[in-house]
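Comments concern the structure below.
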Amino acid sequence: MDEPKGIYNFNVIEKKWQGVWESEKTFAAGSSDDSRPKYYILDMFPYPSGAGLHVGHPEGYTASDILSRYKRMKGFNVLHPIGWDAFGLPAEQYAVQTGTHPAQTTQKNIDNMRRQIKSLGFSYDWDRQVDTTDPNYVKWTQWIFLKFYNSYFDEAAQKAKPIEELPIPEGLSEVEKTEYIDNHRLAYEHEAPVNWCPELGTVLANEEVVGGVSERGGHPVVRRPMRQWMLRITKYCERLLAGLDGLDWSSSIKKLQHDWIGKSIGAEVDFQIDGFDDKIRVFTTRPDTLFGATYMVLAPEHPLVEKITTDDNKAAVDAYVEAASKKSDLDRTDLAKGKSGQFTGTCAVNPVNGDKIPIWISDYVLISYGTGAIMAVPAHDERDYEFATTFNLPIIEVVKPDEPVEGCFSGNGTAVNSGQFDGLRTPEFKEKIADWLSEKGLGEKAVNFKLRDWLFSRQRYWGEPFPIIHAEDGRRIALTEDDLPLRLPEVEDYKPTGTGEPPLAKVTEWVNVTLPDGTRGKRETNTMPQWAGSCWYYLRYTDPTNNDKAFDPANEKYWLPVDVYIGGAEHAVLHLLYSRFWHKLLYDLGYVQAPEPFTKLINQGMILGEDNQKMSKSRGNVVNPDDVVHDFGADSLRLYEMFMGPLEASKPWNMSGVEGVYRFLGKVWRAVIDADTGAVVPAIQDAEPSEETLRLLHQTIKKVGGDVEGFAFNTAISQMMICINHIGKLKVRPRSVVEQFIQIVSPFAPHICEELWEKLGHTERLAYHPWPKFDPELVKEKEIELAVQVLGKIKDRIVVAADASEEAIKEAALASEKVQAAIEGKTIRKVIVIKSRLVNIVAN
RNA sequence: GCGGAUGUGGCGGAAUUGGCAGACGCGCUGGCUUCAGGUGCCAGUGGGGGUUAACCCCGUGGAGGUUCGAAUCCUCUCAUCCGCACCA
């Protein structure tokens with residue numbers, strides 16, 4: 001049976017307009033000399049997975065698209081790009097299994113996801129796509145790596161500078177000089193115990209290990225020493241911390257980054273080892289508790305352990321060190337309920353009182369934090385307290401709490417048993433003792449951070465190769481810009497070697513090179529982690545096809561910083577911290593002018609399955625956007641994703657809800673188009689709207705505009721629904737009202753609106769039509785209903801003029817019969833009039 | 001254990017930030033249109049009581065408090081979710 005001509009046929013309409021936008025390049029961003037103000041709206045680009053899009057992706061993308069379309073209508077030159085974070089483990093794992101080149105898999109997945117994203121009508125500038133695996137992109141990722149490699153951090157200036165400017169101490173030999181320089185590069189090689197995952201055949205960053213197992217796949221992780229590339233992110237701790245202040249990010253995300261960087265202020269103190277020339281330096285945030293230090297603990301990996309251990313204790317200590325080195329992260333965290341340790345047989349001297357205190361080793365002290373050694377104050381530190389009670393070590397109270405406390409007290413109080421410092425409050429004591437220590441040459445104020453240097457290499461094939469050659473004679477040669485990109489070689493198989501050697505090591509014809517001077521060398525066979533490409537993609541979007549530069553400074557200056565960045569909260573720490581770090585390096589070297597890359601950050605919440613559980617294949621509750629588009633259309637999907645609830649909240653999917661917004665679109669359609677003929681309905685006329693209609697329209701313009709700016713899309717849609725419910729009922733629908741209504745719906749449901757706009761006789765695109773203006777006078781209600789309360793309970797409602805005086809309202813309220821009845825026999829104490837809200841009469 | 005977020009009808013959620021709780025949508029009930037409806041339209045829909053009318057009482061996880069007035073502020077408490085997890 002033929003469908004009526006004028007039915008809302010979303011399938012046809014959506015394909016039509018997607019085609020028009022594509023061929024007309026409707027959403028190409030203007031150039032950097034555009035006279036309009038710029039606005040850069042960025043989505044976190046997706047990993048092109050084989051599973052394709054799930055309904056979580058379009059949530060953030062729809063929000064950013066609505067904002068982009070709105071801003072264009074508001075007269076902004078909008079940059080709204082998309083791309084592909086295309087390096088990643090799944091494609092490589094698939095390659096290991098099937099032998100398919102990861103590039104092939106990746107390309108296939110990109111094509112599919114691009115099709116899906118295009119079917120949702122997002123207004124991306126498709127000519128600016130970036131693909132992190134594209135050699136033209138990899139080239140510049142490698143180029144930035146070389147910037148790290150060829151820079152050092154000037155502590156005094158607190159910024160990175162080219163390595164050539166590094167002041168080199170006098171009197172160093174050539175070898176020492178090289179070593180000195182290498183020790184200051186922001187990218188450096190480091191032999192260290194790392195998180196080795198045998199299952200994945202690779203090393204993981206600390207952040208990629210969750211609860212002792214790999215974040216991806218949940219495989220066990222063990223500690224193992226290996227040569228790795230590191231980036232000196234710790235040099236930027238202060239600036240990464242300080243930079244957070246000015247950012248318009250949610251306080252919870254800022255706090256997460258703040259805590260991750262983990263700054264603590266305290267002092268470093270030297271303890272003389274009894275019977276040795278060596279000193280043990282400790283870091284403490286509580287130098288005021290020095291008098292209560294009754295023992296010391298070294299990390300098992302501490303370099304002095306072997307030296308100071310007495311013969312009597314050697315066997316036990318060696319065994320403990322051996323056991324600790326084998327412990328996986330899981331063992332060190334989960335099994336850390338009880339404290340273990342070994343006495344070295346040696347004592348140290350407490351510098352403040354000369355007491356001899358035993359030196360122990362224990363794995364509750366971490367070699368990677370502070371100095372790898374602590375002074376233990378069991379009276380005022382939970383961990384030390386637990387250790388001391390386990391091993392029967394003395395506990396001396398040196399801080400008197402204001403209120404008596406059971407067991408260990410770690411708060412502020414008054415100093416006791418602390419010699420000349422007795423009676424001081426904790427904060428003053430901290431100040432005084434730090435000065436005292438530095439006067440005596442025993443220590444100094446110090447700051448420590450939790451953040452560690454970034455483990456930047458992976459033993460994988462599918463990543464950016466490092467542009468580094470290790471020469472036979474031990475020199476390390478960095479490629480020059482002209483040598484880039486260094487491409488990945490073709491390989492026979494993608495299996496990890498199992499030894500920790502990356503797959504690239506097997507490709508001898510690629511690995512072995514002859515240098516211009518005739519010496520032979522080997523290429524670096526590690527590759528970069530997936531984060532590398534995503535650290536700077538927002539910069540490449542400003543100049544995506546530039547072959548001479550990563551991006552033109554003029555473009556960066558115009559577009560950066562990103563005005564709004566939308567994405568999932570799962571990247572709260574890693575991606576956002578790493579990006580900020582890279583950005584700051586480029587800032588220091590003069591390549592970018594904005595100190596921070598992302599001004600405003602919005603984190604969309606998770607979309608759960610209909611069963612209120614996280615969507616997953618195994619639960620069978622995954623909703624595929626393709627199906628929703630097929631059944632209800634892209635406009636309905638977009639609208640529903642936004643109508644579900646606040647953008648930042650997680651909320652469950654509900655297919656009936658999609659039908660609800662679909663019905664709304666049907667109403668919009670039928671308000672304009674005759675379902676039988678497909679013509680504009682005769683009710684639409686060039687007529688003056690009634691006062692009521694005009695008021696509702698202007699209220700809607702105001703509400704929707706304000707809500708879009710405030711990312712409250714759900715309430716914007718609800719206002720549109722109220723508005724169309726009214727318009728649909730009108731016998732005569734003034735053309736101007738209908739047209740303005742369509743304009744404000746268009747960022748949300750662009751296909752249907754473009755179609756209706758055209759049907760109404762317009763030939764230009766709605767996409768750049770100016771956003772309608774509201775008149776504040778027209779928004780105001782003429783008459784308003786007020787609740788009248790007596791003692792807070794509603795007794796009646798009165799209608800008054802919107803501009804009625806307080807006196808008049810009071811009079812009207814008291815005139816109500818119901819109010820009179822309620823206050824009969826009582827004395828009116830007070831009448832509270834809240835204009836345009838209510839009246840409360842206090843009487844008793 | 002520490003930190004953060006959230007808690008409102010049968011469901012998703014509103015509430016101008018201290019001022020009429022439940023907007024809007026889903027679902028449900030009844031009616032109209034229709035040969036028919038997974039269509040459209042109209043009406044109703046927090047709970048309890050009530051001569052099913054007027055009206056009354058209760059109600060925003062729980063218990064207190066501040067206030068003329070609290071979903072909103074304060075104290076305590078419970079539940080769920082998410083981070084971090086020996087960082088000296």
Side-chain angles (χ1 to χ4, degrees), chain A residues 7 210-212 250-253 255-256 259-260 262-264 266 282-286 289 297 299 329 332-334 336-337 339 362-366 368-377 380-384 386-387 410 448-452 569-570 572-573 605-606 608 610 612 614 639-640 643-646 648-661 663-664 666-667 670 675 703 706 712 714-723 725 728-729 785-794 796-797 818 829-844:
Chain A
I7 207 156
V210 178
S250 76
S251 57
S252 61
I253 298 278
K255 188 174 187 312
L256 234 45
D259 292 353
W260 193 267
K263 179 178 182 174
S264 42
V282 301
F283 172 73
T284 177
T285 55
R286 294 296 301 270
T289 61
V297 187
D329 278 20
R332 282 195 103 150
T333 53
D334 276 13
K337 298 280 183 255
K339 293 275 184 287
S362 172
D363 64 3
Y364 86 91
V365 173
L366 309 173
S368 49
Y369 183 77
T371 60
I374 62 158
M375 62 171 205
V377 186
H380 305 293
D381 182 282
E382 296 283 351
R383 299 150 300 184
D384 298 344
E386 195 189 338
F387 190 87
S410 54
N448 253 291
F449 295 93
K450 277 206 269 188
L451 187 69
R452 313 288 157 78
E570 65 272 21
V573 183
M606 204 184 324
L608 308 170
E610 301 219 39
N612 231 313
K614 202 172 164 175
L639 220 41
Y640 178 62
F643 188 59
M644 291 172 81
E648 311 211 5
S650 59
K651 52 240 160 202
W653 189 266
N654 177 5
M655 224 31 117
S656 318
V658 185
E659 288 178 45
V661 295
R663 252 171 248 165
F664 161 73
K667 263 184 222 179
R670 287 190 305 274
K703 173 86 177 143
N714 53 332
T715 47
I717 294 168
S718 122
Q719 181 66 31
M720 295 174 196
M721 287 171 166
I722 293 168
C723 193
N725 285 345
K729 280 176 194 152
E785 194 186 64
L786 301 182
V788 184
Q789 304 179 329
V790 175
L791 282 170
K793 295 209 188 284
I794 295 168
D796 199 7
R797 288 161 213 280
K818 286 172 185 166
R829 303 284 172 198
K830 211 196 234 176
V831 178
I832 296 151
V833 177
I834 307 297
K835 270 205 158 181
S836 79
R837 291 278 137 215
L838 51 63
V839 181
N840 191 8
I841 298 163
V842 186
N844 56 15

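Convention: sequence-line order gives letters A, B, ...; per-chain numbering from 1.
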To the nearest Å, how far apart are [X] [atom1] and [N] [atom2]?
X	N	atom1	atom2	answer
Ile717(A)	rG25(B)	CD1	P	12 Å
Gln789(A)	rG18(B)	CD	P	17 Å
Phe643(A)	rG12(B)	CZ	P	14 Å
Ile841(A)	rG19(B)	CD1	C1'	15 Å
Glu610(A)	rG27(B)	CD	P	12 Å

When you match Leu451(A) and Leu786(A) each to their closest nucleotide on RNA chain B, which lands nearer the 5' end?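 Final value for this comparison: Leu786(A).
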If you assign each of Lys703(A) and Ser368(A) to its closest nucleotide in RNA chain B, which residue comes earlier from the 5' end?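 The residue closer to the strand's 5' end, by nearest nucleotide, is Lys703(A).
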Which atom pairs link the protein and nucleotides 53-60 of chain B when you take only N or O atoms and keep those under 3.5 Å?
none

So which protein N/O to nucleotides 34-42 of chain B N/O distances come out below 3.5 Å?
unit_1  : atom_1 : unit_2    : atom_2 : d
rG40(B) : O3'    : Arg670(A) : NH2    : 3.3

If you compare all heavy atoms of [X] against all heavy atoms of [Y], which two are closest, and at what distance to 0.1 Å?
X	Y	result
Val833(A)	Val839(A)	CG2-CG1, 4.3 Å
Ser264(A)	Tyr369(A)	OG-OH, 2.9 Å
Asp384(A)	Asp381(A)	N-OD1, 3.0 Å

Please tell me if Ser264(A) has a side-chain N or O lying less than 4.0 Å from either OP1 or OP2 of rA88(B).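 Answer yes for this pair, as a side-chain N or O of Ser264(A) is under 4.0 Å from OP1 or OP2.
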Is there a side-chain polar atom (N or O) of Asn714(A) under 4.0 Å from OP1 or OP2 of rA14(B)?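 So the side chain of Asn714(A) is within the cut-off, an N or O lying under 4.0 Å from OP1 or OP2 of rA14(B).
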Does some side-chain heavy atom of Lys818(A) sit less than 4.5 Å from a side-chain heavy atom of Val790(A)?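 Not touching, per the 4.5 Å side-chain cut-off.
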If I pick the P atom on rA70(B) and the same atom on rG4(B), what distance separates them, to the nearest angstrom?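 Those two atoms are separated by 28 Å.
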If I pick the C1' atom on rG46(B) and the same atom on rA15(B), what distance separates them, to the nearest angstrom?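 One C1' to the other, the span is 16 Å.
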Mind checking what makes side-chain contact (heavy atoms from CB on, under 4.5 Å) contact with Lys614(A), not counting sequence neighbours?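 In terms of side-chain contact (heavy atoms from CB on, under 4.5 Å), with neighbours along the sequence ignored, Lys614(A) is linked to Met606(A), Arg619(A).
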Checking Lys339(A) against Tyr364(A): charged group under 6.0 Å from the ring centre and within 45 degrees of the axis?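 Verdict for Tyr364(A): a cation-pi partner in Lys339(A).
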RNA chain B base-pair string [pairs: Watson-Crick or G-U under 3.5 Å; |: paired with another strand]: (((((((..(((......[....)))((((((.......))))))((((.....))))..(((((..]....))))))))))))....
Output a table of donor-acceptor pairs, distance under 3.5 Å, between side-chain atoms of residues 649-658 of chain A and any protein atom two or more places apart or on a different chain; print 'none' if there are none.
unit_1    : atom_1 : unit_2    : atom_2 : d
Lys651(A) : NZ     : Glu59(A)  : OE2    : 2.6
Lys651(A) : NZ     : Pro646(A) : O      : 2.6
Lys651(A) : NZ     : Leu647(A) : O      : 3.3
Lys651(A) : NZ     : Ala649(A) : O      : 2.8
Asn654(A) : OD1    : Ser656(A) : N      : 3.1
Asn654(A) : OD1    : Ser656(A) : OG     : 3.4

Return the polar atom pairs (N/O with N/O) between nucleotides 2-6 of chain B and the protein under 3.5 Å, or none.
unit_1 : atom_1 : unit_2    : atom_2 : d
rG3(B) : O2'    : Lys255(A) : NZ     : 3.1

